[in-house]
Number of protein chains: 4
Amino acid sequence: MPAKSTGPARHPRTGGRVRSDDAREQVLAATTALLEEGGYPALTIEGVAARAQVAKSTIYRWWKSKPALVIDAYAQATAARMPEPDTGTVAGDLTAFLTELYRVVDYPMRMQALRGLMAEAQLDPEFAATFRDWIGSRRTVLTGMLLRGIDRGELAGDIDLGYAADLIFGPFWYRLLVGHTPLEPAQAAGHVTSVLAALRSGRSPARP
Amino acid sequence: MPAKSTGPARHPRTGGRVRSDDAREQVLAATTALLEEGGYPALTIEGVAARAQVAKSTIYRWWKSKPALVIDAYAQATAARMPEPDTGTVAGDLTAFLTELYRVVDYPMRMQALRGLMAEAQLDPEFAATFRDWIGSRRTVLTGMLLRGIDRGELAGDIDLGYAADLIFGPFWYRLLVGHTPLEPAQAAGHVTSVLAALRSGRSPARP
Amino acid sequence: MPAKSTGPARHPRTGGRVRSDDAREQVLAATTALLEEGGYPALTIEGVAARAQVAKSTIYRWWKSKPALVIDAYAQATAARMPEPDTGTVAGDLTAFLTELYRVVDYPMRMQALRGLMAEAQLDPEFAATFRDWIGSRRTVLTGMLLRGIDRGELAGDIDLGYAADLIFGPFWYRLLVGHTPLEPAQAAGHVTSVLAALRSGRSPARP
Amino acid sequence: MPAKSTGPARHPRTGGRVRSDDAREQVLAATTALLEEGGYPALTIEGVAARAQVAKSTIYRWWKSKPALVIDAYAQATAARMPEPDTGTVAGDLTAFLTELYRVVDYPMRMQALRGLMAEAQLDPEFAATFRDWIGSRRTVLTGMLLRGIDRGELAGDIDLGYAADLIFGPFWYRLLVGHTPLEPAQAAGHVTSVLAALRSGRSPARP
DNA sequence: AATTAATCGAGACGGTACGTCTGGTCTTAGA
DNA sequence: TCTAAGACCAGACGTACCGTCTCGATTAATT
């Protein structure tokens, strides 16, 4: 049950036309289609409205901005795609998680969405907070794996979880955004090995 | 040798008014000022023109887009600020380099510029190539340090330089762009330690 | 029946905000005011938008060019001003019609509009067609008077109506545009006398 | 040696490079060519400069505006084309004169020039005066013919020469500018007949 | 069944900045 | 001192979307 960004009952209704689910789906589908066809910059609210046969005001009623719309479309597209892996080892969990993450390149829409959202977070301070939370939720999943590794004794108890997450996600985003080197799911395992070595290299570096 | 993005003599001149250096400086100064005051999204060509007391067409004559302008203003602002360090050890060089890099947070203009440029690279395919080259030049400086480390025997000769650069720059950009954790120059040393540990951890992970 | 160039219901509405009559009137009033103040060449769409407190896009939505706007403003200004005269004689009708026409000089806005529209018709081929039609409608009014004269037996049935209209309107426009001699309503009667003499002088001259 | 609007030596020269007659001719030729190809509106000083391989400033040095340039080019094109006819009768003179005038339609450049100049006279008050003088010179030629007719006794001595000129030129310009009816040299004779009838119809109509 | 209230599509509204264009001026190097 | 070249300031152009706002028409849940 993904993408609950617009709750079902925000105030005690006493009548009135109910929200059209058809419209909602049309909008998300149009967003996805346009993202794939022209990329994030070519995506406009007007374009989505036209494509979805929906009024602009209907879009603005349910989503407050273009990135909010994209974040919903992205969530719908990846729903139930990322079950938290549990392979029994940190290396296994992380590798599974990262491999799936790197697969983003196989889905133009996901790639455009991620790049566009990151761009928008730089340009729209209001969205930046939302984006930060969204990123935070992905980080939480990852730090959960690390915590299980600590419980198992695979990792020291004092590692800096935040720094670990940066070390894992940083290079991914950097490659995705700059595009100097293609992302390949096969790179995930090697990256995990490196990161684990770094984490075991000594005291947490962020705050000595 | 700063800010040569617009060379002084691109074709053999045979007459014609010479480019106004005053105009050029006014434009870059206005860009810097506006970046500091309102951030990248509030920066507009019209605003720069008005602030610099310059015609819009003069800006468009020398810079093909807003990010091209910002990249020049950034280069001017950081000119001669980053001499390539040479401390005798890889760790020392990298730490010096990264410490200076992390200082970006002390200069709002530099921070706004970096974030805005990365955003623009996602939105403007034409600029993306320019940006990639620009990023590449920074990476080259860094890999130069690593190569010297290899020469000195501090690092194995088969490490993946590209991956190393990703590992170093990735977390920096990730923090800069997401903003979940503040950047602090003091973190640089710890990060270098981690990265070097990762690089020594085994075979190059990217392409075995 | 004034100023219907932008009809109130051009296509069967099925929803949507209705056109703002206030905006329409503000625009036409601003056009008239600016015509009077600075003349046709100083009239700009931007100026009208600013004066009328209206978005430029609103103007472009309803008028495709500056002359189209002026033609509407002119029509509004002269609405119901020129009832077709019916005095019982050709000479009387024509004199009344021409006298009113010559009064254009008393209204700077009308004079500026006429001169500007004629100029624009030379410069903008697309508008030329519109202008020709507009001129045609004035000619039709005039030839209607002549036709009544033929019915009454005042004029021969074989006169060239087109040529007659040229003979009547030509000198008016020529004076208006060149400005070598001031237009005066009192000249109308004499001109009519001359023209009628010319028309009675013999066979239609244009195509024997 | 036509088109002396820009004399060869306007102030007592005291040395320096002499005016390039080649440049002058190139400019006028380019003006004529562009008038024929794209009409008056497509004619720009920049275009002329490019076509004539001449600097914009060179054009501005010798001609103060676009219409001044066109008026020179027109004069050059029609030089020695219009000898004042002397057939022995007013009707003959006028018909010869008008027939030649109506031939303008056979020369696109002349037609474009006339229409453009008239348009410009409406838009550029400074040029309007020049244009009025230019028009005046053509009127003088015509009134000269009428005066000879008075001398011969063909016309009454008290006819209004100015009005006569308006009656003759007005319909010509009106057709040329509006374009509702094609101009044809064969129409000249009939028009002359009509006008003479009008002039003989009675007292001068302009000022009773 | 009538009422009420929130939805829906449509599309006009005021705005802002865009990138282009032309005009007319000014400053060079070279003839 | 002129010429060609071309940069300069200025400002209107017409376009694209933005986010807001009226419309009339639906569509439930509540009376």
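The shown structure was predicted, so the numbers you read here are calculated from the model rather than taken from an experiment. Numbers restart at 1 for each chain; the letters A, B, ... are given by sequence-line order, proteins then strands.
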>> Rounded to whole Å, how long is the line connecting atom CG of B:D124 with atom C1' of E:dG19?
In response: 13 Å

> Rounding to a whole Å, what distance do you find between D:R51:CZ and F:dA4:C1'?
Replying inline: 19 Å

> B:D21 CG to F:dC8 C1': how many Å, rounded?
Replying inline: 14 Å

>> Here's one to test your reading of the geometry: is the NZ or CZ of A:R19 within 45 degrees of the ring axis of A:W62 and under 6.0 Å from its centre?
In response: yes

> Does any donor-acceptor pair link the side chain of B:K56 with the base of F:dG11 at a separation under 3.5 Å?
Replying inline: no

>> Expressed as a whole number of angstroms, how long is the span from C:L69:CG to F:dA12:C1'?
In response: 15 Å

> Atom OG1 of C:T31 and atom CD1 of C:I59: how far apart are they, to the nearest 0.5 Å?
Replying inline: 6.5 Å

> How far does OH of A:Y60 sit from CD1 of A:I45, to the nearest 0.5 angstrom?
Replying inline: 4.5 Å

> To the nearest angstrom, how far is B:W63 atom CH2 from F:dA7 atom C1'?
Replying inline: 13 Å

> More 5' along DNA chain E: B:T44 or D:L43, using each one's nearest nucleotide?
Replying inline: B:T44

> Counting side-chain heavy atoms from CB outward, which of F:dA12, E:dA17, E:dT7 is closest to C:E46?
Replying inline: F:dA12

> Quick one: on DNA chain F, does B:Q53 or C:K64 contact a more 5' nucleotide (nearest heavy atom)?
Replying inline: B:Q53

> Could you state the interatomic distance from CZ (C:R115) to CE (D:M118), rounded to the nearest 0.5 Å?
Replying inline: 10.0 Å

> Can you check the B:I45 CD1 to E:dT20 C1' distance for me, whole Å?
Replying inline: 14 Å

> In whole angstrom, what separates D:D22's CG from F:dC2's P?
Replying inline: 17 Å

>> It should be established whether A:W62 places a side-chain nitrogen or oxygen under 4.0 Å from OP1 or OP2 of nucleotide E:dA6.
In response: no

>> So for C:S57 and F:dG14, does any side-chain atom that can act as donor or acceptor lie under 3.5 Å from a complementary atom in the base?
In response: no

>> Checking contacts here: which listed nucleotide (F:dC17, F:dC8, F:dA10) is nearest the side-chain heavy atoms of B:A55?
In response: F:dA10

> Rounded to whole angstroms, how far apart are CD1 on C:I59 and P on F:dT15?
Replying inline: 13 Å

> Does the side chain to side chain contact (heavy atoms under 4.5 Å, CB included) test come out yes or no for D:K66 and D:F127, once each step is laid out?
Replying inline: CA-CA 10 Å; D:K66 166 171 149 178; D:F127 173 67; over 6 Å; no

>> Quick check for you: among E:dC13, F:dA7, F:dC18, whose closest atom lies nearest to any side-chain atom of A:Y60?
In response: F:dC18

>> Side chain of C:R17, heavy atoms from C-beta onward: which of F:dC8, E:dG9, E:dG11 has the nearest atom to it?
In response: E:dG11

>> I want to confirm an ordering. Mapping C:A23 and D:K66 to their closest nucleotides on DNA chain E, which one lands closer to the 5' end?
In response: C:A23

> With respect to the side chain of A:R61, which nucleotide from F:dA28, E:dC8, F:dC8 is positioned closest?
Replying inline: E:dC8

